[in-house]
Amino acid sequence: MRIPDTSLKILLLLTVSLLAVACTRTADDFEVWGLDVSRHQKDVDWEKVLQHEQPHFVFIKATEGTLIVDPTYAKHRAELESAGVLWGAYHFFGHRTPGKEQARNFIKTARLKRGNILPVLDIEWHRFMKDPKRSAREAKNFCREIKHYYGVNPIIYCSTNFYEKYLADTFPEDEYVLWIADYRECPTLRWQLWQHTDSHRIPGIPGKVDRNVFSGSAEGFKKLIL
């Protein structure tokens, strides 16, 4: 069916308008928010954090590549469980090793269970990323192994530019939950998690920490729980 020129122009204008609206939203427009931590926040006083702010969720770095385990993972996990904070774990993708083996490192270390947030694959540009197609292929192998073990696809964390340039064909927006890092503006991708800053400050955490928001309600966030 051929769309009349006038209707096509109206449709294009509406599309541009919707994107413009999406880009003008700020992190303050979303009520569900959380943090992500790693060894860089090794001395967190979670009791003090919770006295000042109440994050709805926290992601903890668990592993990297096929052998690396974040030295603060177990500590963060135990303290968050004790405090009753909803948490999940993420894996930092290594571009030089097989995705399947990386997934096994994550599964062994993270020890996620029902009630935790879905596992996360953090994939970013690195100087070791010599072949983008190979990296995307091995990232897909990581996801297959995660799905085989947990029964779900992992959340994909990356920047807007990285997703559009390297991952869009391999990880469709309608098949994966996207956690997008964009410190300039609200992403126009179909994201559910948005890391809007790496410079949040909160009593109880020395230095800066990443802050994230969820696109929906607290009830909607339950869909991201194992």
Side-chain angles (χ1 to χ4, degrees), residues 34 36-38 57-70 73 76-77 86-182 187-195 210 212-216 220-226:
D36 62 271
V37 297
S38 67
F57 60 88
V58 176
F59 286 103
I60 318 166
K61 181 180 179 181
T63 49
E64 181 175 337
T66 56
L67 298 173
I68 298 172
V69 172
D70 189 291
Y73 175 70
H76 284 311
R77 181 184 62 199
L86 180 63
W87 65 274
Y90 73 90
H91 173 84
F92 188 86
F93 185 76
H95 293 280
R96 298 188 295 179
T97 53
K100 187 174 183 178
E101 293 181 20
Q102 294 191 49
R104 290 174 176 172
N105 182 28
F106 175 82
I107 291 167
K108 179 182 177 181
T109 303
R111 293 187 292 156
L112 296 179
K113 58 185 184 298
R114 287 190 179 278
N116 295 140
I117 309 172
L118 301 178
V120 177
L121 173 61
D122 174 347
I123 179 167
E124 308 174 25
W125 184 88
H126 193 279
R127 67 182 186 278
F128 295 142
M129 184 176 156
K130 305 298 184 183
D131 183 349
K133 290 184 178 179
R134 179 188 179 278
S135 290
R137 186 169 62 249
E138 291 302 332
K140 191 73 171 183
N141 288 337
F142 176 96
C143 294
R144 289 194 183 101
E145 188 70 6
I146 291 295
K147 188 168 186 179
H148 176 73
Y149 188 84
Y150 292 107
V152 295
N153 283 324
I155 296 168
I156 301 297
Y157 169 95
C158 61
S159 69
T160 297
N161 182 64
F162 192 92
Y163 179 82
E164 292 176 338
K165 192 171 183 179
Y166 302 115
L167 302 182
D169 293 337
T170 309
F171 300 92
E173 293 173 276
D174 58 349
E175 292 183 21
Y176 289 85
V177 173
L178 298 184
W179 177 7
I180 300 298
D182 195 324
T188 55
L189 296 170
R190 192 188 301 175
W191 60 273
Q192 291 193 48
L193 293 162
W194 169 27
Q195 185 181 91
D210 300 335
N212 312 272
V213 294
F214 174 62
S215 61
F221 194 87
K222 291 179 181 179
K223 294 179 181 178
L224 302 188
I225 298 176
L226 283 171

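Residue numbers start at 1 and run along the sequence shown.
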Quick check on [X]: does its [atom1] atom have over 12 non-hydrogen neighbours (other residues, nucleotides or ligands) under 6.0 Å away?
X	atom1	result
Lys100	NZ	no
Arg134	CZ	yes
His148	NE2	no
Asp131	CG	yes

Nearest heavy-atom pair of [X] and [Y]: which atoms, and what distance?
X	Y	result
Ile146	Pro154	CG2-CD, 3.9 Å
Trp191	Phe214	CZ3-C, 4.1 Å
Trp87	Ala110	CH2-O, 4.3 Å
Pro119	Leu226	CD-CD2, 4.3 Å
Gly115	Leu86	O-CD1, 3.2 Å
Glu138	Pro98	OE1-CA, 3.4 Å

List the steps, then state whether side-chain contact (heavy atoms from CB on, under 4.5 Å) holds for Arg111 with Arg77.
CA-CA 10 Å; Arg111 293 187 292 156; Arg77 181 184 62 199; 2.3 Å; yes
Could you go step by step and tell me if Leu189 and Trp194 meet the side-chain contact (heavy atoms from CB on, under 4.5 Å) rule?
CA-CA 10 Å; Leu189 296 170; Trp194 169 27; over 6 Å; no
Go through the steps to decide whether Ser159 and Ile180 satisfy the test side-chain contact (heavy atoms from CB on, under 4.5 Å), and finish with yes or no.
CA-CA 5 Å; Ser159 69; Ile180 300 298; 5.9 Å; no
Any donor-acceptor N/O pair, [X] side chain to [Y] backbone, under 3.5 Å:
X	Y	result
Glu145	Ala103	no
Gln102	Thr97	yes
Asn153	Cys143	no

Using the ring of Phe171 (Phe, Tyr or Trp, six-membered ring only), decide whether Lys140 places NZ or CZ under 6.0 Å from its centre and within 45 degrees of its axis.
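Yes, a cation-pi geometry holds between Lys140 and Phe171.
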Nearest 0.5 angstrom please: Leu118 CG to Tyr150 OH, how far?
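Between Leu118 CG and Tyr150 OH, I get 10.5 Å after rounding to 0.5 Å.
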If the test is ring-ring contact (aromatic ring centres under 6.0 Å, His included), which one of Phe57, Phe162, Tyr163, Tyr157 qualifies with Trp179?
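Considering Phe57, Phe162, Tyr163, Tyr157, a ring-ring contact (aromatic ring centres under 6.0 Å, His included) with Trp179 is found only for Tyr157.
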Stepwise side-chain contact (heavy atoms from CB on, under 4.5 Å) check, Val58 with Val37
CA-CA 7 Å; Val58 176; Val37 297; 4.2 Å; yes
Using the ring centroid of each side chain, check whether His95 and Phe93 are separated by less than 6.0 Å.
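Under 6.0 Å, so yes.
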